[in-house]
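Read the structure below first, then the notes.
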Amino acid sequence: MHFHVLTLFPGLFEAALSYGVLGRAREQGRLGFDFTDIRDFSRDRHRTVDDRPFGGGPGMVMQPQVVSDAVDHARAGMPEDAPVIYLSPQGASLDHRKVAELAELPGLTLLCGRYEGIDERALEGRVDQELSVGDYVLSGGEFAALVVIDAVARLQPEVLGEPASAEEDSFVEGLLDCPHYTRPQRFEGREVPEVLLSGDHARIRQWRRQQALGRTWERRPDLLRERGLTSRERDLLTEYIRENGG
Ligand SMILES: NC[C@H]1CCC[C@@H](CNc2ccc(C(N)=O)cn2)C1
């Protein structure tokens, strides 16, 4: 999958995308990135990209011509059906369903705003989707773009070490993740659940599913309501609640 990021701070992405599974996938050519500095499309010798807002008020607004030309440049190098996505608090909420949808696309162009915003006419003329990673304001769209890149890239086949971990992730099943343990068996007086030492893989799978159900019920009941339960899951959850004092 190919990502084209439009930003005033391209350098911010280099380091952020050089580590871990994303860094490896990038080295292996499974992920491609282009970073374009929006400032390169300013037409004045001071490389201005912003100007004062019509109607007055604090801050500056990114100019429509500069942003539009930068988007046109990015789009020229991207597949026809790669959408231009603008990150902003005004966007549609990013959730695992939206991430899965984006992961099916041949590429994404991500537009990162700064200042008070981008002139609305550039957004109307060039942006396909507006996305929000949460109900809060960041100083720029860059960290939101990194969230989208990470969430989408890790769903690409072969990007994660063992593909199973993508399936078992929280949210893929619409549930939160189960607890995880590694050596030592006893740490600060706390033991590892004996089922995980049993070698009984069917029982272990069931225990993990039951933990995921129970934790989702305890911490994010809203997700359960949305997802619904099979009868087997209902039985597992009932047993969990009985054992964990509902
Ligand atoms: N009017 C503020 C707005 C002007 C244009 C630039 C954005 C960048 N900041 C962002 C971007 C995205 C998100 C999010 N929740 O996804 C939060 N913050 C802020």
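Remember, it's 1-based here, ligands and their atoms both numbered in the order they're listed. All values below were derived from every heavy atom in this structure, side-chain atoms included, with hydrogens, water molecules and symmetry-related copies excluded.
- Using a 4.0 Å heavy-atom cutoff, Tyr115 is listed among the residues neighbouring ligand 1.
- Heavy-atom proximity to Leu87, at under 4.0 Å, picks out these atoms of ligand 1: 11 (C), 12 (C).
- If you look at Ser132 next to ligand 1, the close heavy atoms, those under 4.0 Å, come from the backbone and the side chain alike.
- Side-chain contact between Tyr136 and Leu138 is present, with heavy atoms from C-beta onward closer than 4.5 Å.
- The backbone N or O of Ala103 lies less than 3.5 Å from a partner atom in the side chain of Gln156, making a donor-acceptor pair.
- For Ile118, no nitrogen or oxygen atom sits less than 3.5 Å from a nitrogen or oxygen atom of ligand 1, counting backbone and side chain alike.
- For a threshold of 3.5 Å applied to N or O pairs, the pair formed by Val137 and ligand 1 contains no separation below that value.
- In terms of modelled atom types and a separation under 3.5 Å, the side chain of Arg39 and the main chain of Arg47 share a donor-acceptor contact.
- With Glu233 contributing its side chain and Thr230 its backbone, the two residues share a donor-acceptor pair below 3.5 Å.
- When atom types are taken as modelled, the side chain of Thr36 and the backbone of Leu6 share no donor-acceptor pair closer than 3.5 angstrom.
- Side-chain contact between Phe33 and Leu17 is present, with heavy atoms from C-beta onward closer than 4.5 Å.
- Of all the atoms in ligand 1, the ones that sit under 4.0 Å from a non-hydrogen atom of Glu116 are 1 (N), 4 (C).
- Near Gly113, the atoms of ligand 1 lying under 4.0 angstrom from a non-hydrogen atom of the residue are 6 (C), 8 (C).
- The shortest contact between atom 14 (C) of ligand 1 and any protein heavy atom is with Val133 N, 3.7 Å.
- Remark: side-chain polar atoms of Arg75 are paired, donor with acceptor, to backbone N or O of Arg126 under 3.5 angstrom.
- Checked against a 3.5 angstrom limit, the closest N/O atoms of Gly117 and ligand 1 fall outside it.
- Looking only at protein heavy atoms, the nearest one to atom 19 (C) of ligand 1 is Leu138 O, 4.1 Å.
- Remark: ligand 1 atoms within the under-4.0 Å shell around heavy atoms of Gly134 are 15 (N).
- The side chain to side chain contact (heavy atoms under 4.5 Å, CB included) with Gln129 is formed by just one residue from the set Leu87, Leu102, Leu108, Val84; it is Leu102.
- Of the heavy atoms in Tyr86, only side-chain atoms (C-beta onward) come closer than 4.0 Å to ligand 1.
- Annotation: Tyr136 places an N or O atom under 3.5 Å from an N or O atom of ligand 1; distance criterion only.
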